[in-house]
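Reviewing the structure listed below.
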Amino acid sequence: EPEVTQTPSHQVTQMGQEVILRCVPISNHLYFYWYRQILGQKVEFLVSFYNNEISEKSEIFDDQFSVERPDGSNFTLKIRSTKLEDSAMYFCASSPQAGNTEAFFGQGTRLTVV
Amino acid sequence: DQQVKQNSPSLSVQEGRISILNCDYTNSMFDYFLWYKKYPAEGPTFLISISSIKDKNEDGRFTVFLNKSAKHLSLHIVPSQPGDSAVYFCAASAPNFGNEKLTFGTGTRLTIIP
C-alpha cells in the first residue's frame, strides 16, 4: 500500500542551527502538507503546497520556515534558525485531490532542539 | 482558538462494548469531518470521514454521526477491541470554501479493557 515516508525519524539539533526535514509523498498525490505536534498538544497545521507553491500557511509558519519540492518527488521543510520551542513531531501529509478527501500522514520526524 | 474540541481527554471501555468518542466544532464553514487514530511515535491514520451533506457514515465497526445544527459529531466503535486502544483525533476542513487544511481537536485517549 502506498505511504508517505519521512526522514529522519529523529533529529537532534543545536539551537540556531538549520534543519531540513524530508518527505516523500504518495506518488500520484497533488496536495502536500506539513503539520506539527508539540508534546502533549494537538496536531497543528503549518503549510499546504500545491502546484509548486504555498497555497496556505498558518501563523506558526513564519520567515524561519520554508518548503520546497526540489525534484518532483521529495517535499522538504526547512527551519533556518531553530529555537527550543520548535521541538515537536513534524508530520508530512499528502492528498490526491482537493475537496472531500482524506490526507495521508507519514510517521513523523521528532525534532529535538537543545 | 479551539475551533474543534474534544472535551474528553480519556475514555476506558470494556472489550466488546461500544466506544463513543465526541467532538464539537464552532466554525460553520467546516463541511468535511474526519477521524484519525494515532499510536505513539506514529503518524495519524485515517479512519473514517463524513461530509456535511450526510448525517451518518458507516465503515465496518466504525460509524460517524454528524449533527450540523448542534455542530457535533461522534465516532462509534462497536464492538471495541484491544487493538482500538489509541488516541483518536477529530479533524475538520472547509474544502468547499477552498480551505483544504485540517483543524484537529486535542484528542481522546481510548483504552479498551480486556
Side-chain angles (χ1 to χ4, degrees), chain A residues 1-10 21 23-26 29-51 54-61 88-110 112, chain B residues 1-10 23-25 27 29-54 57 59 62 64 66 75 86-109:
Chain A
E1 186 175 329
E3 59 181 16
V4 176
T5 57
Q6 291 184 243
T7 54
S9 57
H10 191 188
L21 309 183
C23 169
V24 179
I26 295 173
H29 284 191
L30 300 177
Y31 289 81
F32 313 114
Y33 310 88
W34 284 99
Y35 290 81
R36 79 173 185 189
Q37 184 182 28
I38 295 171
L39 187 64
Q41 299 185 22
K42 63 180 180 178
V43 178
E44 302 175 289
F45 168 78
L46 291 178
V47 66
S48 58
F49 192 85
Y50 168 70
N51 201 23
I54 291 173
S55 49
E56 187 177 0
K57 58 184 181 179
S58 72
E59 294 175 351
I60 304 166
F61 195 89
M89 282 290 287
Y90 287 81
F91 295 106
C92 174
S94 68
S95 61
Q97 61 190 46
N100 296 349
T101 186
E102 65 269 24
F104 295 82
F105 284 77
Q107 80 281 13
T109 293
R110 179 174 298 285
T112 303
Chain B
D1 177 19
Q2 287 198 47
Q3 297 187 64
V4 179
K5 300 178 191 178
Q6 293 175 256
N7 291 320
S8 298
S10 63
C23 178
D24 297 291
Y25 63 96
N27 189 338
M29 292 176 68
F30 287 147
D31 52 12
Y32 190 61
F33 305 91
L34 309 90
W35 284 95
Y36 282 85
K37 174 180 178 180
K38 187 179 180 303
Y39 294 117
E42 293 186 13
T45 302
F46 170 75
L47 272 179
I48 192 168
S49 62
I50 189 167
S51 77
S52 58
I53 61 172
K54 294 186 174 182
N57 188 26
D59 184 3
F62 302 93
V64 56
L66 175 63
L75 174 69
V87 178
Y88 288 77
F89 290 96
C90 169
S93 65
N96 291 321
F97 294 94
N99 191 330
E100 308 289 339
K101 73 176 185 187
L102 296 174
T103 300
F104 283 85
T106 49
T108 297
R109 180 177 301 280

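These numbers come from the heavy atoms of this one structure, side chains and all, not from hydrogens, waters or symmetry mates. The shown structure was predicted, so the numbers you read here are calculated from the model rather than taken from an experiment. Throughout, a chain's letter reflects where its sequence line sits, starting with A, and its residues are numbered from 1.
The backbone N or O of Leu102(B) lies less than 3.5 Å from a partner atom in the side chain of Tyr35(A), making a donor-acceptor pair.
Counting heavy atoms from C-beta on, the side chains of Glu102(A) and Tyr32(B) come closer than 4.5 Å.
Using a 4.5 Å cut-off between heavy atoms, Glu44(A) makes no contact with chain B at all. Contact annotation for Ala41(B): only backbone heavy atoms (N, CA, C, O) come within less than 4.5 Å of a heavy atom of chain A. Looking at Glu42(B), only its backbone comes within 4.5 Å of chain A, counting heavy atoms on both sides. Proximity to chain A (any heavy atom under 4.5 Å) is restricted, for Tyr36(B), to the side chain, taken from C-beta onward.
In this structure, the side chain to side chain contact (heavy atoms under 4.5 Å, CB included) partners of Pro8(A), at least two apart in sequence or on a different chain, are Gln11(A), Thr109(A).
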Exercise answer: donor-acceptor pairs, residues 54-61 of chain A side-chain atoms, under 3.5 Å, sequence neighbours excluded:
from	atom 1	to	atom 2	distance (Å)
Ser55(A)	OG	Ser48(A)	O	3.4
Ser55(A)	OG	Ser48(A)	OG	2.8
Glu56(A)	OE2	Lys101(B)	NZ	3.4
Ser58(A)	OG	Phe45(A)	O	3.0
Ser58(A)	OG	Leu46(A)	O	3.4
Ser58(A)	OG	Ile60(A)	N	3.3

